[in-house]
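Throughout, protein chains are lettered first and strands after them, A, B, ... in sequence-line order, and every chain is numbered starting at 1.
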Amino acid sequence: MTRERPIAVAALALLLGRAARAFGGDVRLPPVDVPASDGPAQPPTLAEDEKDPTSFATVIRASDYGGEERSVAELAATAPGATVHRLGDLGQLATVELRGASSDEVLVLLDGIPLTSAAGGTVDLSTIPPELIDRIEVLRGDAAARYGAGALGGVVNVITRKPAQGSQAEGSVGYGEWNTVDATAAGSLAGPKRGGLLAASFFRSDGNFDYRYDPTPQLAGSPLASAVRANDQSLVAGALGSGYFRFGSSELTLVGQGSGGARGLAGPIEDPTPHDSETFGRGLAGAKWDFPNVFHAVDLELMAHGRADDLDIDVSGAGAVPQLDLDAGGSATAAIPAGRWQRLELSLGADREWLQATDAGSPARSSFYASAADELTFFADRLLLLPALRFDAQGPFDGLSPKAGFSIRPIGPLEIRGNAGLSFRAPTFAELYLQQGLVQPNPGLVPERGESADLGVAVTAFRTLASLVAFVSSYQDLIVYEVTPPYRVKPFNVGRAWIEGLEASLSSRPIPSLTLEASYTLLVTWNDDPASVDYGDPLPYRPPQHAHGRAVWQRGDFQATLEGDYASAQPLNDSGSLTLPGHFVLDAGASVRVFHRPDVWLAAEVKNLTNDQALDVFGYPLPGTSFFLSLRSSSPNQGAVP
Amino acid sequence: MNQEALLAALCCALLAACPPNRSSSCTAGQTECNGSCATTQTDPKNCGACGTACGAGQSCSGGACACPSGQTACGALCVTPQSDALNCGGCGKACASGELCDAGACVCQGNLTACSNRCVDLGSDFDNCGGCGKGCQSGQVCFNGGCASYCSAADAGSSDAGLTDCGGSCVDLGANPSDCGQCGQACGTGEICADAGCGCPAGQTLCDGGCEDVSQNQQSCGACGVACAAWQLCRGGHCTGPDVLVSCSNYNIAQVPATAESVVGLDSLTGQILLPAQPLAAPPPDGGAPLTPQISSLLYTDAATLWVLDGTNAQVDIFDVSSWPATVKASVAVGNQPSQILSCGGYVVVVNSTDNTIQGIDPATMRTVAEVNLGAGESPYAAACDGNHTLYVTDPGSLVATPPPAGDVKSIDLSQATWTVGQTLAVPASDVARVSDGGAALADPEGIAFVQFDGGAELLATVGSLDPATYAPVGPATLLVMDPALSAVQATIDPGSGCENAQVLTVDPVRGLVYESCTGAYYTGATESVLAPIAVPSNQVQPLVTLPLGNPAPTALLRNGLVAVGDESGSDAVALWNPADGGIVTVVACPAFDGGQLANEVISAVTAAP
């Protein structure tokens, strides 16, 4: 009997989870198509990403969820092909996976500025205040040729609020279960020459929900026990300022965002950590200067950004272990028309990132990229071809990410898109340098590599958009933490995976007052390493089936929503011997306009109507039924401001 | 076809790609043979291919039938060419009458001499009288090595007592294998002539193949024609299987082929590997393809039933080992990270480390019938039974708290259908966690043993003295001595600085000793460590036993009094120590597997056959 190993391995797993979290990451671990909704009166259209128009994208507008308690992660999870993993509920760590690719294989951007860092790879979406965002654009599938190395599974671009023309003020307050309080205030002033927006948000929750668990899970018929989630409190506050200045034909756009918060780290049910906590903060600034038609109809775009992320983890009140990640970079992009049917886009960029962390030293990495994309349109824009190539050099790692995409509208409402590409992901600082207890670094890592392709069809008719996309990806040299002597965990390039699936979505506005949206993802994954005992087994933490549906009824001063989310059972280990049961969560809400000019809406929401007592993939409990109330107001637009 | 299968089929059709074919539901390394999964590399009934059965006594290794060490396959039989008179030095090479097979060659029996490929008595053979080729003349006989007129040294016409003229040779019909009882009556291969009758030498039995020593003959063990299986040895006329099983494991089973995880059976007296690597894959409790286990603990509940604790797949697999390859009887789901399995109070008890539970399985029905939760933040580690209905568990506490909490030892009452936690005794970390080089030490209670002696009983538990950050040993593996009521720590035992990081205690009731297996620091390149014998109830440390193992850990007391210790340093070695004479035999038991930087091998469990 090896008595130390099970304990050590369990400790390692938990420690690894904590270590990964310390770097904004999770352990390695995709979404369906919810088409863009441009307001209840507009018919649905197939979303088109500005940089990658042949790809399959989903736009989730925060305004569609006004009065509902939704985190950025919950909003992202409504997209087809997306899966969100959480360590609890509101305010707790949440990461997003796309098309079966791990969260560290998904690029997360805030207004186009990368939040995905060289430090940890994975972005904790709970650190982004949802009250400050306008929409989330979810680009599914390999997007490395247009967005850069690391986007093996896709891109999640969180777009913050922008100044609306005229002057406007908004505010909201909400209160609900577990002393959950949120408040937002925003004001904007905008005219033809300049405009700006200021917004602030606040969120807190005790998170001390009741949950039920089975203390003797191997004994059939044993009674469930009740417990209260302790040390699950969270607080997030944020501020946003953005503006634009037009000088002649050029436009300078500035954005600054700051957020911070604190939360308790409750730990798993079996081994709670009542004294663990963390604080986090982020400052981000970006500038974009557009120069249209600077030379022979060439458009020029200059961008610069800076970002600072701080994360301090305090384990058992022993004192915070700080970690500071700094990033600054810039890019220049030229869009060059070449004839009536061709538009060439060339882009260069550079970036440098510094990490200061006790356990990983002070690594820094410079990055450089050069990319070219050619948009070729034929037959009155009915056929679009998009070949693209990008070169990324990230520290000692470099590689090419080519892509070929097409979009064709052969007849009327039918559109067909397809893409194929190659990509890679460079190892993170955490994987290369993190030395934390039993977690070991591996400086000998090489980049992960991926090959992907997708093909889909969309039809728009009768105020309804329906789409079906098939995708397939193959990944090699995946970085996987494995146990290594003497009882340590260490990352190795040993994973090989094959992922294929289907994304189906339906968006319909059959009558002006009713919006129906539904998505479904079928994910077939398997370990593709013939040398492994688990060859052919499904990859863990990926539900084979995920479905999401939402109905919104809005008429006059009343709105009602009903939303359901289903995930099938999923394996929790490599052999598939352990599974997380499937779960279905149903939310319902209603809003009433209680005052006009300014409009004041009173909203009530019940989340998890069926009181589904689920666990997340890491065994953390999720709350049952909960209630929320909110009041939101917006002043009438005062018209254009000079 | 169910809904998921339909969807999967649709997906496959659209994508023109499906999961790799894994030979129906069989696991990697297995082949479907007549509806069941067979490991054609090791299954003697399907060796190399379905339906290719090995002969009696043969095993299957690497997809080819093979005989035990020292034997050769002759047709479907395994023979010993060194001593088999019918296959002497090779298949079909039979010895002639009067010959024995010795060291693979036919040699003449007793006082016979080989002349012209025949064994003759130079004292009486007519054609070889006194020497090979020295024939006597017609009318003469050969008497006492010389040609004579009569078979007598006295008078013509008379004969020496017992000597008879058989065609000119003066032979003793009572002892001559060529003329036994009467002239021209030759004995069979391997037989001797005694008292005018053909028969076998003392201690041998006449079997179809000649005279055999049925006390140790693999083909005729105990009686003619009773063949031992390839994994058995004929000892004292009984076919005996391996008396010690070791599990060959790897750090990362996800990165190795199924054949790299196995159980090996040894004969402790000879160090012979009787049972080459057995994969022991079993399906999940709710059915499906067999899973490769990562074995953390082994338990025999009787000679024919082996329980295999599979930590990775969180299940315990029960095998019928009355013959090998073993067959699966059932699988039972257990908790996450199970660390030990043992018998206590009529149950098979599983220690579920991260689930914080102790689980009881009815060995008859193979169903979970009891379970007790020790509470959140606990972490049961190892257990010992008092031989009745009380279980003692070491519990180092939270696995994630920093600094790690003080651990404790708990008693659990198994006498009722609902198990209850009884007394808890906190481990006084500051008193026992010894630090050799300064700094804080982690006082994890680890191994535990219940020892009974004349007039009483006591509990012993090891305390790790580990670095809280790295789990590296920083001090000696102190032992706590506790009373069965867990009222107090009565004494501490310092095994000396040579004994660090002890995880396993093994009780030797005959010698009144407890063996503390001192694992030491991992992967330091050390090639030896120690076993600390502790006398009970005096609690005196006996001279340490140096073992040629870098990280000795799993230990078992064998039925013959030997102690088997497995190495976790990757040497694949098991040391067989004889406490009676101090002799140590080291056996490289596990097949070497080149798994690169990941598949580091360990012997994760050692258990004695009942």
Side-chain angles (χ1 to χ4, degrees), chain A residues 1-11 14-15 18 215-220 222 227 267-273 275 315-316 318 437-438 470 472 482-487 492 494 498 500-502 522 524 526-536 544-545 568 573-575 577-578, chain B residues 7-8 11 14-15 17 19-20 22 28 251-258 284 291-292 296-297 311-315 333-335 337-340 353-357 359 368 371 373 376-377 379 381-382 398-402 446-447 469 471 503-504 522-523 553-554 568 598 600 602 604-605:
Chain A
M1 179 184 65
T2 304
R3 302 191 188 194
E4 187 184 67
R5 187 154 49 151
I7 301 286
V9 170
L14 292 164
L15 230 163
R18 183 179 296 173
T216 53
Q218 311 307 327
L219 190 60
S222 57
I269 294 176
E270 298 84 4
D271 209 347
T273 50
H275 308 296
V315 176
S316 296
L438 304 180
V472 61
E482 297 282 1
V483 182
T484 186
Y487 298 126
F492 294 94
V494 293
W498 185 278
E500 59 189 27
L502 293 175
L522 173 68
V524 182
W526 65 85
N527 180 328
D528 203 30
D529 180 6
S532 169
V533 297
D534 301 311
Y535 175 54
Q545 296 184 67
S568 63
N573 60 357
D574 290 326
S575 69
S577 65
L578 301 175
Chain B
L7 289 165
C11 180
L14 281 164
L15 302 170
R22 297 185 52 180
Y251 270 81
N252 293 281
I253 71 163
Q255 306 302 334
V256 299
L291 301 172
T292 299
S296 54
S297 189
T312 294
N313 299 307
Q315 62 189 54
V334 301
Q337 300 293 345
S339 57
Q340 191 185 0
S353 192
T354 60
D355 272 5
N356 313 333
T357 69
Q359 178 179 353
T368 299
E371 189 173 19
N373 190 310
S379 179
Y381 201 41
S398 173
L399 300 173
V400 295
T402 303
E446 297 172 344
Y471 285 81
Q503 304 164 39
V504 183
Y522 288 101
Y523 286 81
E568 292 191 337
L598 277 172
N600 298 281
V602 292
S604 59

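Heavy atoms only, all atoms of each residue included: B:Asn373 and A:Pro215 are closest at ND2-O, 2.7 Å. A:Gln218 and B:Val334 get closest at one heavy-atom pair: NE2-O, 3.3 Å. Closest heavy-atom contact between B:Gly377 and A:Asp271: CA-OD1, 3.4 Å.
For chain A, the nearby parts of B:Asp355 are the backbone and the side chain; heavy atoms of each come within less than 4.5 Å.
Two residues are said to be in side-chain contact when any heavy atoms from C-beta on lie closer than 4.5 Å; A:Leu219 and B:Gln359 fail this criterion. The side-chain heavy atoms of B:Ser379 and A:Glu270, taken from C-beta on, include no pair separated by under 4.5 Å.
Listed by chain and number, the residues in a side chain to side chain donor-acceptor pair (under 3.5 Å) with A:Thr216 are A:Ser222 (sequence neighbours excluded). Listed by chain and number, the residues in a side chain to side chain donor-acceptor pair (under 3.5 Å) with A:Ser575 are A:Ser577, B:Asn313 (sequence neighbours excluded).
Here CG of A:Asp534 is found 8.5 Å from OG1 of B:Thr312. Values are rounded to the nearest 0.5 Å.
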